[in-house]
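Structure first, then comments.
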Amino acid sequence: MAKSTALDDLTKAQAKAELAMLARELGAANNAYHRDDSPVMSDADYDALKRRNAAIEQRFPDLKRPDSPSDQVGAAPSETFSKIRHSIAMLSLSNGFDDDDIVDFDESVRRFLNVGADSPLVYTAEPKIDGLSLSLRYEQGRLTQAATRGDGTTGENVTANARTIEDIPETLTDAPDILEVRGEVYMSHADFSALNRRQEAAGGKPFANPRNAAAGSLRQLDASVTAARPLKFFAYAWGELSAPLAETQSDAIARLAEFGFSTNGLMETCDSVTGLLEQYRRIEAERPTLGYDIDGVVYKVDSLALQARLGFRSTTPRWAIAHKFSAERAVTKLEAIEIQVGRTGALSPVARLTPVTVGGVVVSNATLHNADYIAGRDSRGTPIRDGRDIREGDWVTVYRAGDVIPKIEDVDLARRDPGSKPYVFPDKCPICGSDALRAEGEAVHRCTGNLICPAQAVEKLKHFVSRGAFDIEGLGSKQIENFFEERWITEPSEIFTLKTRHGDDLLKRDGWGAKSVENLFRGIDERRSIDLNRVIFGLGIRHVGEQAAKLIARHYGSWTAFEAAMQAARSHEGPEWDELNAVDGVGPVMAASLVDFFHEAGNARAVDRLVGELDIRDVAAPASSESPVTGKTVVFTGTLERMTRAEAKSRAESLGAKVAGSVSARTDYVIAGPGAGSKEKKARELGLTVLSEEDWLALIG
Ligand code: IVH
């Protein structure tokens, strides 16, 4: 340890040098202590260095390093992670399960780009790492931020934790000024077993699999715990960039490797579907000996220019797909069939199983879908499992693919108890006793008890507080069930009046201390001000998913406009009804479900009570305020000659326009190519602006 100059005598240059040295020494000491279990200095020396570091930083605040030891290991754990909004959303991948899905993928890419089946199209193929994704932000070559994926838009700030991972460089040379590197944090099989042995020896609970262990280790409030866990990182993508990395995916990854990131050595480029499938089989064959978990192979269009043209669907890129490995299976006994009632009243049969391990995870429940599935036929009456039905007491094969809910694949008739009886699907709701009806052409039985059915009410509440909806911290499914049982919360508005009504009672409850009660009410209060799309989604209206809610919110902009439109469209006809149907992503079924929801007096009153508690934020039309078509509704009809219909739609949407399927008085532009028919005619009758493809391209530049 160098002898230190008195603080007051330090020049700025000396201070800078000493801070660098302290970061290095303290970093090494941390690793030795936490990672290698072999300390290189006494606690007292360590503390003295940390104090010296803090004192210099206090005197020269602008010299504080991004990797300052004050922010790292040993720092007092913060209460929760702060949130980071991703500058570019972190998306997921669409999945394919068999060769045909990959053939379809290639066809859809070619169709979109209008590339013939005979022209070469290069893809990359690489393992899909089974860990958790992380986005690392570098500014001027220094790591400034690390964030988990979260909901794709906002993740958790795990910067201090990420700095403890060896595979993650602290500084980069010759990198763009702004570079966000994305990839997967994972744990190797060997490190996972060793960690579990240590956990068990210390009386802790072992992790179920390496993925959980990696997630649990990264999301530690105390970064010193993360430092002691052997995490690894593969870089495979990027977010914001101040300068392009390369012209192709494969070259961009090669550059990330030059910067010092670990990249996966099994990535190959292939110029045909056959090549992709061969690479899939090679990787699948190596899977058992890789030493870390992978759950499929990811294919990406190699050319970045083509990736840009292909763009994104709402949550997945069009230029990539994950080809998943087939599911893992196990045989076990089906002990009972139970019926759960969901928020829209659907009766879902669930198989209670004798617990069994399937691909490293203990499974004790599986979905049985609906009455037909149990009876051994699909919705059209065609036999499945060669018509074998499923009964309580049967021996069944369970499988799970990725994170999805386990399913029952087949039943072993040879082991069936001769006295067993076919399962009779209930015609009454098991919770409220109302009739459970199966509508013409539908697969599910639905409880007709709507507003009186407690199961529907509690599921609606759980949905209301869930992640894409109100996402209330401290109020999850368990708390909702308890509060509902007490009748403290029976509808969403009552969440916001809970404090006045039962704040004091809650303090007297087992399991609730002053701190947790305070956190709960803070969590609730934080959500009084909320975006319109979360409210629309939170209402739990059948058929209205998170994406649809966003599109609807963008269209109407404000709660007042939205609610007025729903009321005005109640008769399922007229301009407001047409407008709703013309919103991108809304079809007649969803439109009817929305309008009928508001038409129901009990719902309307409950919504009024809720809205009275909230400050609903308007949602603006997305992005590029520059674009001349932002907020405009456009309809494409006829043949386009310069690009495919899909590409035209995607381009228009990225410029902030809404693309509708049908022409109405509210359409702004109709782009008519050769062969346009009734839509163009209607547009002219309505006196709308009709553009040729050339006019349109000129308009959007
Ligand atoms: S590319 C725009 N490549 O899989 C999407 N993802 O199911 C960019 N993942 O969220 C992702 N290995 O966490 C990509 N080689 C790989 C991957 C990979 C694992 C994860 C990633 C993503 C998820 C989607």
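Positions are given from 1 along the sequence. Just so you know, ligand 1 is whichever comes first in the structure, and atom 1 is the first atom listed for that ligand.
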Donor-acceptor contact below 3.5 Å, side chain Gln307 vs main chain Ser303: no
Sidechain-backbone polar pair: Tyr280 side chain, Lys324 backbone, donor-acceptor under 3.5 Å: yes
Distance dump, ligand 1 polar atoms to protein, N/O, under 3.5 Å:
unit_1, atom_1, unit_2, atom_2, d
ligand 1, 3 (N), Lys300, NZ, 3.1
ligand 1, 4 (O), Lys128, NZ, 3.2
ligand 1, 7 (O), Lys128, NZ, 3.4
ligand 1, 9 (N), Tyr236, OH, 3.4
ligand 1, 12 (N), Ile129, N, 3.0
ligand 1, 13 (O), Ser133, OG, 3.3
ligand 1, 13 (O), Glu184, OE1, 2.8
ligand 1, 13 (O), Tyr236, OH, 3.1
ligand 1, 15 (N), Glu126, OE2, 2.7
ligand 1, 15 (N), Pro127, O, 3.2

Test ring pair (Phe, Tyr, Trp, His ring centres under 6.0 Å) applied to His555 - qualifying residues, sequence neighbours left out: none
Presence of salt bridge, Arg467 and Glu546, under 4.0 angstrom: no
Any side-chain donor near an acceptor of the partner, Arg229 and Ser217, under 3.5 Å: yes
Donor-acceptor under 3.5 Å (Asp302 side chain, Gln249 main chain): yes
